[in-house]
Amino acid sequence: MLDIKLIRDNPDTIKQSLLKKGADCSADIDRIISLDLRRREIIAASEADKAEQNRVSKQIPEIKKSGGDASEVLARLNALKDKVKDAETELRAVGDEYNDLMLKLPNTPDDDLSPGGKENNEPLRYYGEPHKFDFEPHNHYDLCTKLGLIDYQRGVKLAGSGFWIYRGLGARLEWALLNFFIDTHLADGYELLFVPHMLEYQCGLTAGQFPKFTDEVYKISNPTDDRMHYMLPTAEAALASLHREEILTEAELPKKYISYTPCFRREAGTYGSDERGMVRGHQFNKVEMFQFTTPEGSSNAFDELVGKAEALVAALGFHFRTVKLAAGDCSASMARTYDIEIQIPSMNGYKEVSSVSNARDYQARRGAARFKREGAGKTEFMHTLNGSGLATSRILPALVEQNQQKDGSVVVPEVLRKYMGGIEVIK
RNA sequence: GGAGAAGUACCCAAGUGGUGAAGGGGCUCCCCUGCUAAGGGAGUAGGCUGUUAACGCGGCGCGGGGGUUCAAAUCCCCCCUUCUCCGCCA
């Protein structure tokens, strides 16, 4: 959510900024401003009435005590009561529309981002060299099937298209990756959390998925319970709500969290053979990094998270590039996003394996996650940041393809061997 | 799943319709004493929000949301959470 005072004071700046993201919100912003104005008019008028109500009704006990006649005062209070009630009815209607529009406004992008979409993404740096083969490599789908690492057919049997089963050494490789990620983050001082995989609506609202993007998640409803839960599409949705409606002290910040969860996404539609296998499924595993910081601390935290994701990708032996996303390619909630992309030999171009974002105070406003500085009277909103560190769904295919040998075996990266009982080669 | 109880400030806790929501602990400051003690005194409700250049002046607030009433922590309804017991169960 954006700051209404900012919208009120600089509507054109905000409109321009959102336009950079490809979102024309001019009409909504104009409407918000007029609703805000009306909202405040109603509040001012009805609070004056309430103040009088309070003042006058205090006289009643005294009038009664002295045996006087209160009927005139009561009539006045009855009139006030109706007036206040009418004001509240109107305030509710105005407020509902206002809130709805405010929640739908995307975050403003940082000033240094290029406007427009994907095509304006800007590669910032490259690490290592693209992998070269001296033989004709196989794709990961064939390799994983042949080596018995992934059971695609039975995954489909169990849950339909877009699901697979890790098995045997494939499961161990997956588990090794996740453990390697977690151990690295723990060494960096991050706290590990296992969070619920089903969340309530308010989590999605805070993270920014709701009310606009409800179609992308799986919902769960039960016959005897009208509370909706949804399967988390990323641990970010849970972590963004961790300190919702809390006021931390400045000394407690930054809070650095990681969480391993499966991620569930509907991914409606088909993406063609370029993304077959496990590149885009309905369920994948991810270790998520998340930070709550002070406003002045969030830019450094962002660099830290990008650095951590890069280090993991590098440790696994991948060539990668880090890309600064153009405003329009950042998701609605984010002010800034860098993607880390690797090459999967059987596919064209670079594929995202990590996405690190700074939401600034956008999510914190939605969830009222605040902190107080030493000696300060006022609370301030925290900043929230998240990044994949990492998702395995593209790392594992890339790893299998890049590390394949001419004889069809796959070399296990050095850093993963201790998590796989010392196994060096999968064959 | 069934039955019951509870939710008031940092903590404990009083308060069943009417000024400013008791009291205690803790915390902060002061005094006395003089050295990790004891005593005395004072202070200590946050958060959100409207208005204002600011000081200030208002509104809301007793788990959340509705309702009754001139007036609700207090009465009514719905919900959430916690605890106890029973049932079921990895």
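Side-chain atoms are counted along with the backbone in the values below, which use heavy atoms only and exclude waters and symmetry mates. Every chain is numbered from 1, with letters handed out A, B, ... down the list of sequences.
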**Q.** Spacing of A/D49 atom CG relative to B/rG58 atom P, expressed in whole Å
**A.** 16 Å
**Q.** Rounded P spacing from B/rG40 to B/rU8 in Å
**A.** 30 Å
Q: Can you tell me the distance, in whole Å, between the CD atom of A/E246 and the C1' atom of B/rG46?
A: 16 Å
Q) Which is true for A/R76 with a 4.0 Å heavy-atom rule: it touches a base, it touches only sugar-phosphate, or it touches nothing? A) nothing
Q) Got a sec: does the CD of A/E41 have more than 12 other heavy atoms crowding it under 6.0 Å? A) yes
Q | Secondary-structure stems for RNA chain B, with pairs counted as Watson-Crick or G-U when both distances are under 3.5 Å and runs at least 3 long | A | B:1-7 with B:80-86, B:10-12 with B:23-25, B:26-31 with B:39-44, B:47-51 with B:56-60, B:63-67 with B:75-79
Q | First of A/E380 and A/R40 reached from the 5' end of RNA chain B, by closest nucleotide | A | A/E380
Q: Determine the interatomic distance between C1' on B/rG63 and the same-named atom on B/rU74; round to the nearest Å.
A: 16 Å
Q. Does A/R370 have a side-chain nitrogen or oxygen under 4.0 Å from the phosphate oxygens OP1 or OP2 of B/rC48?
A. yes
Q: For each nucleotide in nucleotides 59-78 of chain B, reading 5' to 3', give B when a protein heavy atom comes within less than 4.0 Å of its base, S when such contact involves only the sugar-phosphate, and - otherwise.
A: SS-------SSBS-------
Q. Atom NZ of A/K5 to atom P of B/rA53: distance rounded to whole Å?
A. 14 Å
Q: Look up atom NE2 in A/H138 and atom OG in A/S346, then write down how far apart they are to the nearest 0.5 Å.
A: 12.0 Å
Q. Taking the P atom of each, how far is B/rA73 from B/rG17, in whole Å?
A. 13 Å
Q) What integer distance in Å separates A/L80:CG from B/rG58:P? A) 17 Å
Q | Between B/rC86 and B/rC79 - C1' atom distance, rounded Å | A | 24 Å
**Q.** Rounded P spacing from B/rA37 to B/rU44 in Å
**A.** 26 Å
Q: Sorted by first residue and then second, give each side-chain hydrogen bond (donor to acceptor under 3.5 Å, both in side chains) pair with at least one member in residues 191-200 of chain A; sequence neighbours left out.
A: A/E200-A/R227
Q.
Taking the P atom in each of B/rA71 and B/rC60, what is the distance between them to the nearest angstrom?
A. 12 Å
Q: Mind calculating the distance between CD (A/E245) and C1' (B/rC80) to the nearest angstrom?
A: 13 Å
Q | Heavy-atom neighbours of A/K157 NZ exceed 12 at 6.0 Å | A | no
Q.
Say we look at B/rG15 and B/rA22: how far apart would their C1' atoms be, to the nearest angstrom?
A. 7 Å
(Q) Roughly how many Å apart are B/rC10 and B/rA45, using the C1' atom of each and rounding to a whole number? (A) 11 Å
Q.
What's the separation between atom CD1 in A/I340 and atom CG in A/L390, rounded to the nearest 0.5 Å?
A. 7.5 Å
Q. Tell me: CD1 of A/I42 to P of B/rU51, nearest whole Å?
A. 13 Å
(Q) Tell me whether A/D9 is salt-bridged to A/K5, with the criterion being a basic N under 4.0 Å from an acidic carboxylate O. (A) no
Q: To the nearest 0.5 Å, tell me how far A/F292 CZ sits from A/L253 CG.
A: 9.5 Å
Q: Using a heavy-atom cut-off of under 4.0 Å over every strand shown, decide if A/I247 touches base, sugar-phosphate, or nothing.
A: sugar-phosphate
Q) What integer distance in Å separates A/E41:CD from B/rG58:C1'? A) 18 Å
(Q) Is B/rG41 syn or anti, taking syn as a glycosidic angle within 90° of 0? (A) anti
Q | Short N-O contact, A/R373 and A/E250, less than 4.0 angstrom | A | yes
Q. Any ion pair linking A/D188 and A/K256 (charged N to carboxylate O, less than 4.0 Å)?
A. no
Q) Counting N and O atoms only, with roles assigned by atom type, does the side chain of A/H140 sit under 3.5 Å from a partner on the main chain of A/V400, one being a donor and the other an acceptor? A) no
